[in-house]
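Throughout, protein chains are lettered first and strands after them, A, B, ... in sequence-line order, and every chain is numbered starting at 1.
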Amino acid sequence: MADLASVIREECNPPMLSRDMSYHDITDQISSVTEWKKTPKQWWILITITSSLLLLLLAMLTYLVSTGIGVWGNNSPAGWAWDITNFVWWIGIGHAGTLISAILFLLRQKWRTAINRAAEAMTIFAVACAAIFPLFHTGRPWRAVYWLFPIPNTYLHMWQNYRSPLEWDVFAVSTYGTVSILFWYTGLIPDLATLRDRSPNGLRKVMYGIFSLGWRGSSTHWKHYEKAYMILAGISTPLVLSVHTIVSFDFAVSVIPGWHTTVFPPYFVGGAIFSGFAMVMTLLLLSRWALHLENIITMRHLEVMNKVILATSMIVGYSYGTEFFIAWYSGDIYERFHFFNRITGPYWWAWWTMCICNVVIPQFFWVKKMRRNIAVMFIISITTNIGMWFERFVIIVLSLHRDFLPSSWGYFRPTWVDVCTYLGTFGLFLTLYLLFVKFLPMIAIGEVKSTLSAQNHVEHVYAHYLETYEGAETKETHGLA
Amino acid sequence: MALLNERDTVDNGLYGAVGEFEDEDRLFDAIERVRHKGYSKLEAYTPFALHGLDEALGSKPSKLGWFVLCCGTLGATAAATFIWWSGAIDYPIVVGGKPLFAFTFSIPIMFELMILFSAFGSLYGMLGINRLPRFYHPIFNYTNSERITDDSFVLAIESEDPQFDADECVRVLEEAGARYAEVVAK
């Protein structure tokens, strides 16, 4: 009886954290990352590389603004190309952060506590990278503020067109960025107080003191805090779904074959979660390895994430199938031609890369051994993001490069500025991530403690059960005596 | 009688008696015992949110939700009003044969502003109700206050409690299982 019970328990609900951890161990381990006496050499090496890439981004943007957007490869008929591909790709990556912190919170998925902070940070940095592209593809970003936002001015003398999905997108993305920062900061307040209380007097203490706003962990604080957190999770959930829905409206509301489809909103959201989880996986595997967090980010966490990657891969694959079916079923010659052109046209390699990376490779995760193999999941997390980048490229460039009239057909080629700008956004993203890891707790200290508290409670009930129904001998074999 | 009342309200310069417990179970147990003795001005300080702590201390649920609801409604209304005023009144211009104003094309921005206003409402509302930022509080005078955000569960009997007597309260906390208790000044 006890054997069966313990087997069921270990299989269905194994503990997330090792049993001999104390609250103090958690504080110590997570805070110590921000308290390096001497910053490790690897960190300096990494930030040298990433900040060089960041400089490359700044150089490319300066070149773009001083010369004109002709330095990018966009040209008729492909007026949108790498820029909007990168925009949609980065925004999508951000979505996993909100999904993990908000939706999994509402679903009471306790495993999220080990990864939500890093994922939320990733969201904010990804949105920052994404915002660069639509802003700079206007060519004059300092004027774009008047085109995008309803700011009274004497230069335009008119208001925005609120009937346009592009304008909805401005509000969706800027709201998403702002709410992500607010949500992230709300989660950080108690942990900043922990860092404040551990810091010796000096600049560290003052800075953490200011940003923790005098948090003292009283029951009144926690009561209102929990409510605020719950509401933020509750409103972020529809928000994250709305953002990629509205991004997809940029395409779906037009009449271009390949864009004009009703399946776009769920298809885009599914793809966003897919690529976002993959990016979280890439970053977590590296952080976990570099910072020795194996006991907090356990194999169980990674396995659960791989299951989400597999599930969203299936959603994406199903959407590809739906698109093709509807194109054929519509009987529309332009739709049919477009989808035939995707597989066999000049960009056939882009479509096949997308399909292999997004639909075929993740199928390895059906096998438990693969889901628990670090090397395999690292490779799949990267191929997934390559595939998802190509998905956006396929949707955007392939739909535009062959216009309705063969006389307007063209072939888009990226320029070196396109490539370097894209590489540069990795510099921005990774530099911000490295700074985050160095100065802020990358795992939610308070939330991991409450997971441990709940786990101890379950252990307690289980020990009590064994005591009541079984002899002391059984208890010893389970290590609970 | 008048004298007595005056003495009661005299500020004794104390925040209260503060006791420290090893874990959440001992804290819950102590709250029950201390409340049983008739103390009502209690405050607990914990490293993470504990479920059931408000019920144990007898405090009412947070009303923050109502404030956020108002913020959200304001956001959605503001969006619809502005889209109508700017597009149909201030600068009417027909684009693509679409109407100057319609509820349907206002929905995305109404939704986004509802979320945006609610998010600001929940963070700032939470800080407002909690009277934060506030960089000084008597609990920071407590000897082990640094451990509250680490692993220590603290219960305070505040000096406003009608039954408050510093030494007696320290004794009550120790009896209730505190591993350490002391009187804390304001």
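In terms of heavy-atom pairs under 4.5 Å with chain B, the best-connected choice from A/Val179, A/Ile445, A/Thr245 is A/Val179. With respect to chain A, the highest number of heavy-atom pairs below 4.5 Å among B/Leu127, B/Ile115, B/Val95 belongs to B/Ile115. The residue among B/Thr46, B/Leu64, B/Leu123 with the most heavy atom pairs within less than 4.5 Å of chain A is B/Thr46. Ranked by non-hydrogen atom pairs under 4.5 Å with chain B, the options A/Pro238, A/Ser218, A/Ala228 are led by A/Ser218. Contact tally against chain A (heavy-atom pairs below 4.5 Å) for B/Asp54, B/Ile148, B/Leu57: the top residue is B/Asp54. The residue among A/Gly446, A/Ser219, A/Ser174 with the most heavy atom pairs within less than 4.5 Å of chain B is A/Ser219. When A/Glu226, A/Arg196, A/His221 are compared by the number of non-hydrogen pairs under 4.5 Å with chain B, A/His221 comes out ahead. Between chain A and the residues B/Ile129, B/Leu53, B/Asp23, the most heavy-atom pairs under 4.5 angstrom are made by B/Ile129. Here B/Asp90 is the residue among B/Thr104, B/Ile139, B/Asp90, B/Val154 with the most heavy-atom pairs under 4.5 Å with chain A. Counting heavy-atom pairs closer than 4.5 Å to chain B, the top-ranked of the candidates A/Glu167, A/Glu447, A/Met158, A/Arg163 is A/Arg163. The candidate with the highest count of non-hydrogen atom pairs below 4.5 Å against chain A, out of B/Leu50, B/Ile93, B/Ile107, is B/Ile93.
Salt-bridge check for B/Arg171 with B/Asp167: failed, with every basic side-chain N at 4.0 Å or more from each acidic carboxylate O.
A distance of 6.0 Å or more separates the ring centres of B/Phe153 and B/Tyr45. Taking the six-membered ring for Trp, B/Phe48 and A/Tyr23 have ring centres closer than 6.0 Å. Two rings, from A/Trp215 and A/Tyr225, have their centers less than 6.0 Å apart.
Aromatic ring orientation, A/Phe268 versus A/His244: tilted (interplanar angle from 30° to 60°). Between A/Phe183 and A/Tyr229, the ring planes are tilted. Angles from 30° to 60° get that label. Below 30°, between 30° and 60°, or above 60°: for B/Phe82 and B/Trp85 the angle between ring planes is between 30° and 60°, a tilted geometry.
Residue A/Arg198 does not touch chain B at all, counting heavy-atom pairs closer than 4.5 Å. With a 4.5 angstrom heavy-atom cutoff, A/Ile189 touches chain B only via side-chain atoms. Residue contact with chain B, scored on non-hydrogen atoms closer than 4.5 Å, involves the side chain of A/Tyr185 exclusively. For chain A, no part of B/Leu27 is nearby; none of its heavy atoms comes within less than 4.5 Å. When heavy atoms are compared at a cutoff of 4.5 Å, A/Pro165 does not approach chain B at all. B/Ser145 touches chain A through its backbone: at least one of N, CA, C or O sits under 4.5 Å from a heavy atom, while the side chain does not. Only the side chain of A/Ile246 has a heavy atom closer than 4.5 Å to any heavy atom of chain B.
Atom OH of B/Tyr136 has more than 12 neighbouring heavy atoms from other residues, nucleotides or ligands inside a 6.0 Å radius. The environment of B/Lys98 atom NZ is dense: over 12 non-hydrogen atoms of other residues, nucleotides or ligands sit within 6.0 angstrom. Atom CD of A/Gln109 is surrounded by more than 12 heavy atoms from other residues, nucleotides or ligands within 6.0 Å. Crowding of A/Lys223 atom NZ: a count of heavy atoms from other residues, nucleotides or ligands under 6.0 Å exceeding 12.
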